[in-house]
Amino acid sequence: MDVYGAVTSRRAVRGFTGRQVPREALERVLTAAAWAPSASNLQPWHAYVLTGTSLAELKKRTGERVATGDPWDEPEYEQYPPDLKSPYRERRSAFGEQRYGALGIPREDLEARQRAAAANWECFGAPAALFCYIDRAMGPAQWSDVGMYLQSVMLLLRAEGLHSCTQMAWAKYHRTVAEVLSPPDELILFCGMSIGFEDATVDHPRTGRAPFGETVTFADGH
């Protein structure tokens with residue numbers, strides 16, 4: 001698969017088969033992803049990979065919290081600005097409408113939306129998951145470095161015939177993830193990433209993109 005194919009075929013897959021992901025494939029991906037760019041080569045990402053009984057234990061613990069109505073953990077970073085302005089507010093709203101509309105869930109059915117969101121804690125059935133941390137001492141530039149690392153991981157997964165879904169939602173249960181992974185206290189959980197082979201029986205509608213001219217400006221002097 002060439003780079004263009006990897007970029008255009010990458011999408012958030014929310015339905016995976018139970019087929020196990022080869023350890024060697026994950027090692028190839030994460031070895032190559034280490035070449036992602038970072039300012040002054042800080043490489044501020046810290047990745048943990050869960051499979052097998054370890055992932056099952058995390059799903060069990062998180063599922064128990066969801067079932068008992070245990071509230072989300074105190075956030076360690078702000079996922080979205082509190083007053084999301086246009087056009088970002090409309091894009092986020094359109095995403096929600098498409099996501100839940102594909103599941104046949106109307107906007108006003110909050111209970112059904114919560115049930116659908118709970119699939120996050122099962123990693124959408126994926127047999128492997130990556131949890132990406134960053135040091136608390138890092139600033140905005142280093143958070144962007146982590147984003148470039150994660151994109152590299154996702155594109156390399158496509159080269160292996162695998163799909164993924166990045167999930168900031170896991171940060172809402174960062175204490176439970178830490179119980180299983182025991183990361184150093186100086187690390188913040190940025191996101192999880194479900195990894196596996198796509199379940200072709202699950203509908204995965206593509207989220208649209210803004211018109212080219214809305215996000216790109218050429219200043220060529222002509």
Side-chain angles (χ1 to χ4, degrees), residues 10 12-14 16-38 41-66 70 72-79 117-139 142-160 162-197:
R10 186 221 60 82
V13 166
R14 295 182 175 86
F16 297 88
T17 70
R19 179 182 170 189
Q20 294 302 302
V21 176
R23 169 74 174 263
E24 317 83 75
L26 294 173
E27 289 182 352
R28 281 194 298 270
V29 164
L30 296 174
T31 299
W35 290 99
S38 60
N41 199 32
L42 293 188
Q43 305 166 70
W45 47 81
H46 298 262
Y48 293 76
V49 179
L50 279 177
T51 59
T53 56
S54 296
L55 182 56
E57 177 64 19
L58 175 61
K59 291 179 179 181
K60 174 179 173 291
R61 293 189 185 206
T62 310
E64 289 171 350
R65 287 189 62 179
V66 173
D70 194 5
W72 289 338
D73 296 335
E74 188 71 24
E76 296 192 289
Y77 70 92
E78 191 172 77
Q79 293 189 0
N120 275 287
W121 324 127
E122 284 293 322
C123 293
F124 306 107
L130 179 150
F131 292 87
C132 189
Y133 286 79
I134 184 171
D135 195 296
R136 299 175 190 277
M138 296 295 101
Q142 287 73 54
W143 283 74
S144 73
D145 292 340
V146 170
M148 289 189 283
Y149 170 74
L150 291 169
Q151 174 75 333
S152 297
V153 170
M154 289 186 283
L155 297 183
L156 289 161
L157 287 170
R158 291 300 302 121
E160 295 283 350
L162 295 160
H163 273 285
S164 62
C165 182
T166 49
Q167 302 160 263
M168 286 196 298
W170 274 109
K172 300 181 185 302
Y173 287 108
H174 61 82
R175 288 193 295 106
T176 302
V177 178
E179 288 172 5
V180 176
L181 297 178
S182 301
D185 290 340
E186 65 265 23
L187 297 185
I188 291 177
L189 175 61
F190 173 41
C191 70
M193 180 191 295
S194 296
I195 298 171
F197 292 95

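For clarity, every value in this text was computed on a predicted model and none was experimentally measured.
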Report, one line per pair, each donor and acceptor closer than 3.5 Å where one atom sits in a side chain of residues 125-136; sequence neighbours left out.
from	atom 1	to	atom 2	distance (Å)
Asp135	OD1	Ala137	N	2.8
Arg136	NE	Asp185	O	2.8
Arg136	NH1	Glu76	OE2	2.9
Arg136	NH2	Glu76	OE2	2.8
Arg136	NH2	Asp185	O	3.4
Arg136	NH2	Leu187	O	3.4

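Here the NZ atom belonging to Lys172 is positioned 9.5 Å from the CG atom belonging to Asn120, to the nearest 0.5 angstrom. Atom-to-atom distance recorded for Glu160:CD and Glu24:CD is 9.5 Å, nearest 0.5 angstrom. Atom OH of residue Tyr173 and atom CG of residue Leu189 lie 13.5 Å apart, to the nearest 0.5 angstrom. Interatomic distance, NZ of Lys60 versus CG of Leu55, reported as 13.5 Å (0.5 Å rounding). We find the CZ-CG distance between Arg19 and Leu162 to be 8.0 Å, quoted to the nearest 0.5 Å. Annotation: the span from Leu58 atom CG to Thr53 atom OG1 amounts to 11.5 Å, rounded to 0.5 Å.
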Would Thr31 and Arg28 count as a side-chain contact (heavy atoms from CB on, under 4.5 Å) if you check the C-alpha gap in whole Å, the side-chain angles of each, and the deciding distance to 0.1 Å? CA-CA 5 Å; Thr31 299; Arg28 281 194 298 270; 5.9 Å; no

Report the C-alpha separation of Met138 and Val146 in whole Å, then their side-chain angles, then the decisive distance to 0.1 Å, and conclude whether the side-chain contact (heavy atoms from CB on, under 4.5 Å) test is met. CA-CA 11 Å; Met138 296 295 101; Val146 170; over 6 Å; no

One pair to check against side-chain contact (heavy atoms from CB on, under 4.5 Å): Asp73 and Arg65. What are the steps and the verdict? CA-CA 11 Å; Asp73 296 335; Arg65 287 189 62 179; 2.7 Å; yes

List the steps and the verdict of side-chain contact (heavy atoms from CB on, under 4.5 Å) for Cys123 and Trp170. CA-CA 10 Å; Cys123 293; Trp170 274 109; 3.9 Å; yes

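Residues that satisfy the salt bridge (Lys or Arg N to Asp or Glu O under 4.0 Å) test with Lys59, not counting sequence neighbours, are absent from this structure. In this structure Gln20 satisfies the side chain to side chain donor-acceptor pair (under 3.5 Å) test with no other residue, sequence neighbours excluded.
Residues Phe124 and Gln167 meet the side-chain proximity criterion, which asks for heavy atoms closer than 4.5 Å. For the pair Leu157 and Met193, the minimum side-chain heavy-atom distance is below 4.5 Å. In this structure the side chain of Glu57 never reaches within 4.5 angstrom of the side chain of Glu179, judged on heavy atoms. The side-chain heavy atoms of Val177 and Leu50, taken from C-beta on, include no pair separated by under 4.5 Å.
In terms of modelled atom types and a separation under 3.5 Å, the side chain of Gln79 and the main chain of Met168 share a donor-acceptor contact. Gln142 places a side-chain N or O within 3.5 Å of a backbone atom of Gly139 that can act as its donor or acceptor partner. Although no hydrogens or angles enter the test, the distance criterion places no donor-acceptor pair under 3.5 Å between the side chain of His163 and the main chain of Ser194.
Of all heavy-atom pairs between Val13 and Cys165, the closest is O-CB, 3.2 Å. Val29 and Leu156 make their closest contact through O-CD1, 3.4 Å (heavy atoms, listed as atom of the first residue, atom of the second, distance). Between Cys191 and Leu150 the shortest heavy-atom distance is SG-CD1, 3.6 Å. Summarising the geometry of Ala33 relative to Val153, their closest heavy-atom pair is CB-CG2, 3.6 Å, with the distance given to 0.1 Å.
Tested against Phe190, the residues Trp143, Tyr149, Tyr48 include a single ring pair (Phe, Tyr, Trp, His ring centres under 6.0 Å) partner, Trp143.
In this structure, Trp72 places its CH2 atom where only 12 or fewer heavy-atom neighbours from other residues, nucleotides or ligands lie under 6.0 Å away.
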